[in-house]
Protein chains: 2
Amino acid sequence: MHAQSSASVLPVSSLSRLFKALADETRLRIVALLAHGELCVCHVQSGLAVSQPTASRALALLRAAGVVEDRRAGTWVYYRLAAQAEPARRRHLQALVRGFAGDAALGREVAALVAQKGPRACK
Amino acid sequence: MHAQSSASVLPVSSLSRLFKALADETRLRIVALLAHGELCVCHVQSGLAVSQPTASRALALLRAAGVVEDRRAGTWVYYRLAAQAEPARRRHLQALVRGFAGDAALGREVAALVAQKGPRACK
DNA sequence: CGCACATATGTAGATATATGCATATGTGGT
DNA sequence: ACCACATATGCATATATCTACATATGTGCG
């Protein structure tokens, strides 16, 4: 008989779901933005120059995949990167964030987004 | 005017392609196996209990994505993890390999596969 | 050359994924 | 209650992805 599937106890399916969530360019760029701080949908929308439904759906999918969490603040819904319980997932997301967070230009872009939209910018 | 896309110079599209390659469970399990050493298609096929075309295609896609390299040895074609030039990609693949390589049961499974199939097992 | 074996590829069909457009929901303020 | 704004969702459509089955290619051997 042969060894058969398994790949042991490793969280293959959990990692697979994570990678699937990160595989889309729009969603990966959202993670890049969120590496610099929480944002609401309108920030993502204008930061990535995508339609509002696209931004909303991408964030919803990331939330379903456990990559982000959301928080409601009046009319706005803020999204932030979620803490990862699974060690392997945590390693990968941290690696991503480290890379993205080191990008100063991205940081300025995020700061500009927050400054020109959302609650802080409006009143 | 608004900030617009970009996400700066970060290799978003390159990372996106990497994650797309790793998003499939079959392919991710192949990477897990290869973390323990090079294998040929028949090893993967019986190790994951998938059909020969499925194993071959999965490996071909991983090769196209730059995740693995291949080497022909007579009738057999050996696949191994490829070195990554891009730092971000290298970090992620190394993180994966570290996790998978630490799994002793997986290591034994791979050893068994190599022992019972392929050139070394046949003659 | 012809056979046996390992691997690759063509094709088709089922299923998932992404996006645009319209519209619904939710919230705060007048 | 109504309106304005931010966000979410329904629906249709285009496109990508995966798998199965059959078949082709390549390599070694007698």
Side-chain angles (χ1 to χ4, degrees), chain A residues 2 5 13 16-30 38-65 67-80 113-114 116-123, chain B residues 2 5 12-13 16-30 38-65 68-80 113-114 116-123:
Chain A
H2 58 208
S5 64
S13 85
S16 163
R17 274 191 297 270
L18 172 64
F19 291 140
K20 197 167 298 186
L22 300 176
D24 181 75
E25 219 168 302
T26 299
R27 294 192 293 267
L28 188 55
R29 279 162 54 174
I30 288 178
E38 68 172 7
L39 295 173
C40 47
V41 183
C42 65
H43 294 138
V44 170
Q45 173 182 356
S46 89
L48 301 187
V50 296
S51 73
Q52 183 274 322
T54 293
S56 177
R57 274 183 215 278
L59 284 162
L61 198 150
L62 285 172
R63 167 158 33 85
V67 176
V68 304
E69 295 170 339
D70 65 314
R71 157 179 89 82
R72 178 141 227 151
T75 321
W76 292 275
V77 177
Y78 278 93
Y79 286 85
R80 61 182 177 279
L113 283 171
V114 174
Q116 75 190 4
K117 286 228 173 187
R120 205 164 317 178
C122 293
K123 46 191 60 78
Chain B
H2 57 209
S5 64
V12 175
S13 84
S16 163
R17 274 192 296 271
L18 172 65
F19 290 141
K20 199 167 297 186
L22 300 176
D24 182 76
E25 218 167 304
T26 298
R27 294 192 294 265
L28 188 54
R29 279 160 61 179
I30 289 179
E38 68 173 7
L39 294 173
C40 48
V41 183
C42 66
H43 294 140
V44 170
Q45 173 181 355
S46 88
L48 300 188
V50 296
S51 74
Q52 185 272 323
T54 292
S56 177
R57 275 184 215 277
L59 285 163
L61 197 150
L62 285 172
R63 167 159 32 85
V68 303
E69 294 171 339
D70 65 313
R71 158 178 87 84
R72 177 142 227 150
T75 323
W76 292 273
V77 177
Y78 280 92
Y79 286 87
R80 62 180 177 281
L113 283 172
V114 174
Q116 75 190 2
K117 287 230 171 184
R120 203 165 318 180
C122 292
K123 41 191 60 74

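Throughout, protein chains are lettered first and strands after them, A, B, ... in sequence-line order, and every chain is numbered starting at 1.
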Quiz item: Rounding to a whole Å, what distance do you find between B:W76:CH2 and D:dG26:C1'?
Solution: 13 Å
Quiz item: Taking atom P of D:dA16 as reference, at what distance in whole Å does atom CD of A:E25 sit?
Solution: 14 Å
Quiz item: To the nearest angstrom, how far is B:R71 atom CZ from C:dT7 atom P?
Solution: 12 Å
Quiz item: Which nucleotide in the set C:dT17, D:dT7, C:dT7 lies at the smallest distance from any side-chain heavy atom of B:S56?
Solution: C:dT7
Quiz item: Which of these passes side chain to side chain contact (heavy atoms under 4.5 Å, CB included) with B:S16: A:R29, A:E25, A:R27?
Solution: A:E25
Quiz item: Does a side-chain N or O from A:Y79 land closer than 4.0 Å to OP1 or OP2 of D:dA8, or not?
Solution: yes
Quiz item: Are any non-hydrogen side-chain atoms of B:I30 and B:L62 less than 4.5 angstrom apart?
Solution: yes
Quiz item: Under 4.0 Å between a side-chain N/O of A:Y78 and OP1 or OP2 of D:dT7, yes or no?
Solution: no
Exercise. Test for a donor-acceptor pair under 3.5 Å between the base of D:dA6 and the side chain of A:Q52, counting only N and O atoms.
Key: no
Exercise. Find out whether B:L59 and B:D70 are in side-chain contact, i.e. whether some heavy atom of one side chain is under 4.5 Å from a heavy atom of the other.
Key: no
Quiz prompt | Rounded distance (Å) that lies between atom P of D:dA6 and atom CG of A:L59 | solution = 16 Å
Quiz item: Rounded to whole angstroms, how far apart are NZ on A:K20 and C1' on C:dT15?
Solution: 12 Å
Quiz item: Which listed nucleotide (C:dA8, C:dA18, D:dT7) is nearest to the side chain of B:P53?
Solution: C:dA8
Practice problem: Using the closest heavy atom to pick a nucleotide of DNA chain C for each, name whichever of B:T54 or A:L61 lands nearer the 5' end. | Solution: B:T54
Exercise. Please report, rounded to the nearest Å, how far the P atom of C:dA8 is from the CG atom of B:D70.
Key: 7 Å
Quiz item: When you check the phosphate oxygens OP1 and OP2 of C:dA6, does a side-chain N or O of B:T75 lie under 4.0 Å from one of them?
Solution: no
Practice problem: Whole angstrom is fine here: how far is it from CG in A:L28 over to C1' in C:dA18? | Solution: 16 Å
Quiz item: What is the distance, rounded to the nearest whole Å, between atom CD of B:Q45 and atom C1' of D:dT19?
Solution: 14 Å
Exercise. Would you mind telling me which residue lines up with the more 5' stretch of DNA chain C, A:R57 or A:R72, judged by nearest nucleotide?
Key: A:R57
Quiz item: Which of parallel (below 30°), tilted (30 to 60°) and perpendicular (above 60°) describes B:Y78 and B:H43?
Solution: tilted
Practice problem: Would you give the length of the straight line joining atom CZ of A:R17 to atom CG of B:L28, rounded to the nearest 0.5 angstrom? | Solution: 11.5 Å
